[in-house]
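Each remark here refers to the structure printed beneath this line.
Since this is a predicted model, take the numbers as computed values, not measurements. In listed order, ligands and their atoms are each counted from 1.
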Amino acid sequence: MVDSTNPLAAKRIVLAVTGSIAAYKAADVASTLVQLGVAVDVILSEGARQFIQPLTFSALTRRPVHGNPIANWTVELAGHVTLAAADLVLVAPATAQTLARLSLGLADDLLGMVALATSAPLVVAPAMEHGMWHHPATQEHLHRLRERGAVVIGPGAGRLASGASGDGRLAATGEIVGVTRAMLGRAGPLAGTKVVVSAGGTHEPIDPVRFIGNRSSGLMGLALAQAAIDLGAMVTVVAGPTHLSMPHAAEIIRVETAEEMLLKIQGAVEGARVLIMAAAVGDFRPAQRFEQKYKKANSTSGLTVELIQNPDILATIQAPSLIKVGFAAETEHLVANARAKLERKSLQLVVANDAAMTIGSDESKAILIALDGEPEVLPAMRKTELAAVIMDRVTELVTNERGSRTAMWLDHQD
Ligand code: C5P
């Protein structure tokens, strides 16, 4: 991971795990956050220790696990005060008892003390039995916590520990981590900035069951959307067909064809500062779309499909204050072809990469070419890492423009 461009590497959170059978799932949450670069300090309540060992969390986080408020006063640690200086307090799973204690502000255990001492946002992921969740006492405590700014994730519905079905399942790890990332990023350098990202390929129908498509996975676009959220941006994803899960905390617009994508992006860029076209848009579509499934008996000699050109979305969308970023997947003359694209489509930045190596792969080896400046040759890296580097350069473009606008405004005042 290129840590200097990973905003999560500078973040520290407290993960409080309380006494629910779902406590074992908190290990996955801790592990995922650590892998993203976040420093995770775990508080394990007495109840949680009946379900899972401190060793699980100390091994995953490579940090001591906390529990006893007195033992936490050491030469290095000022007890709950050190923990309270975290960027976020996440309680997952949060039992009915924990929600009540947090709502009342009880401070006779470490989590209670940290929750009162901290000025960081509180995020709770409840898990309990259906009746406990719906009890007015639990709902009143939640209402109070929400009023004070706490963010509540889930719970989901489905099979509960008793074997019965109902509400009260701990939210999935992906959702807990997604919301946590968005909360950690919210005051980042792109806070208040709207970013539109396209992802995936397009499907151009021949008839109701057949289409012309491409091998794009959507990985690059979705990684860019997540990287933008990590920097505080308000993100809209316009996604073609993909099986990957969408980032939490983004507006998601699903499309199928290039024409649909153009239409949706035209709407989405209203009020946006940045458009990143990571989608592999189909350049051609069948001139004719059969209303019914085309039968092979219709034509014994085969079928000729005439293709016509799709609109070029990036070239079509023009807005004076919109920073446009494009991709150039080429098989030869990478830099020259990418530069030509930069000019033809009036882009501020183009990401050039080897088409054969990058499409459908987890990794990419890219060259970044900005409007002014030398090409920046990057080493091969995972697409999630490349997304962080691209968003770092995009942030520079946004802040430089902000700077020059302020300078113009100041000039005006003289
Ligand atoms: O011209 P070429 O397809 O190589 O350009 C690639 C860039 O243009 C990508 O950023 C892609 O998302 C965008 N594009 C587009 N509309 C098209 C084709 C490509 O916006 N019809």
Side-chain angles (χ1 to χ4, degrees), residues 195-205 211-225 227-228 235-242 244 253-269 272 274-287 307-319 322-361 364 366-371 375 378 383 386-387 389-391 393-394 397:
V195 174
V196 179
V197 183
S198 70
T202 55
H203 282 183
E204 306 293 340
F211 60 83
I212 294 177
N214 58 55
R215 291 186 200 280
S216 169
S217 63
L219 202 62
M220 192 68 238
L222 297 178
L224 280 161
V235 176
T236 300
V237 178
V238 181
T242 164
L244 297 177
I253 302 175
R254 301 301 299 246
V255 297
E256 205 177 323
T257 66
E259 284 181 301
E260 248 185 287
M261 189 176 271
L262 171 63
L263 206 70
K264 297 296 182 188
I265 291 181
Q266 271 169 332
V269 295
V274 182
L275 168 64
I276 307 178
M277 281 295 298
V281 187
D283 289 324
F284 302 98
R285 67 175 182 277
L307 298 178
I308 56 170
Q309 260 201 18
N310 269 327
D312 189 309
I313 301 172
L314 208 40
T316 306
I317 291 184
Q318 304 279 355
L322 188 67
I323 294 170
K324 292 199 292 180
V325 180
F327 278 72
E330 305 288 342
T331 50
E332 57 180 356
H333 310 305
L334 208 57
V335 173
N337 282 335
R339 259 202 205 289
K341 224 157 271 183
L342 186 92
E343 275 156 36
R344 195 168 69 245
K345 306 193 188 197
S346 51
L347 311 179
Q348 266 86 338
L349 182 70
V350 64
V351 183
N353 45 28
D354 184 309
M357 179 196 159
T358 193
I359 289 194
S361 162
S364 184
I367 303 176
L368 303 187
I369 304 166
L371 195 53
L378 298 172
K383 284 181 178 170
L386 177 60
V389 178
I390 295 170
M391 282 317 302
R393 305 302 181 270
V394 168
L397 291 172

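- Residues satisfying the side chain to side chain donor-acceptor pair (under 3.5 Å) test with Arg285, not counting sequence neighbours, are Glu259, Asn310.
- Put simply, the side chain of Leu314 reaches to within 4.5 Å of the side chain of Asp312, judged on heavy atoms.
- Not a single donor-acceptor pair under 3.5 Å links the side chain of Lys341 to the backbone N or O of Leu347.
- With Ile313 as the partner, the side chain to side chain contact (heavy atoms under 4.5 Å, CB included) test is satisfied by one option alone out of Val238, Leu262, Thr202: Leu262.
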N/O contact list for ligand 1, threshold under 3.5 Å:
residue	atom	partner	partner atom	Å
ligand 1	1 (O)	Lys345	NZ	2.9
ligand 1	4 (O)	Lys341	NZ	2.5
ligand 1	5 (O)	Lys345	NZ	2.9
ligand 1	8 (O)	Lys345	NZ	2.9
ligand 1	10 (O)	Met277	O	2.7
ligand 1	10 (O)	Phe327	N	2.8
ligand 1	12 (O)	Met277	O	3.3
ligand 1	12 (O)	Ala279	O	2.7
ligand 1	16 (N)	Ile313	N	2.9
ligand 1	20 (O)	Ile313	N	3.4
ligand 1	20 (O)	Leu314	N	2.8
ligand 1	21 (N)	Pro311	O	2.8

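- Between Glu204 and Leu307 the shortest side-chain heavy-atom distance does not fall below 4.5 Å.
- Within a 6.0 Å sphere centred on NZ of Lys383, heavy atoms belonging to other residues, nucleotides or ligands number more than 12.
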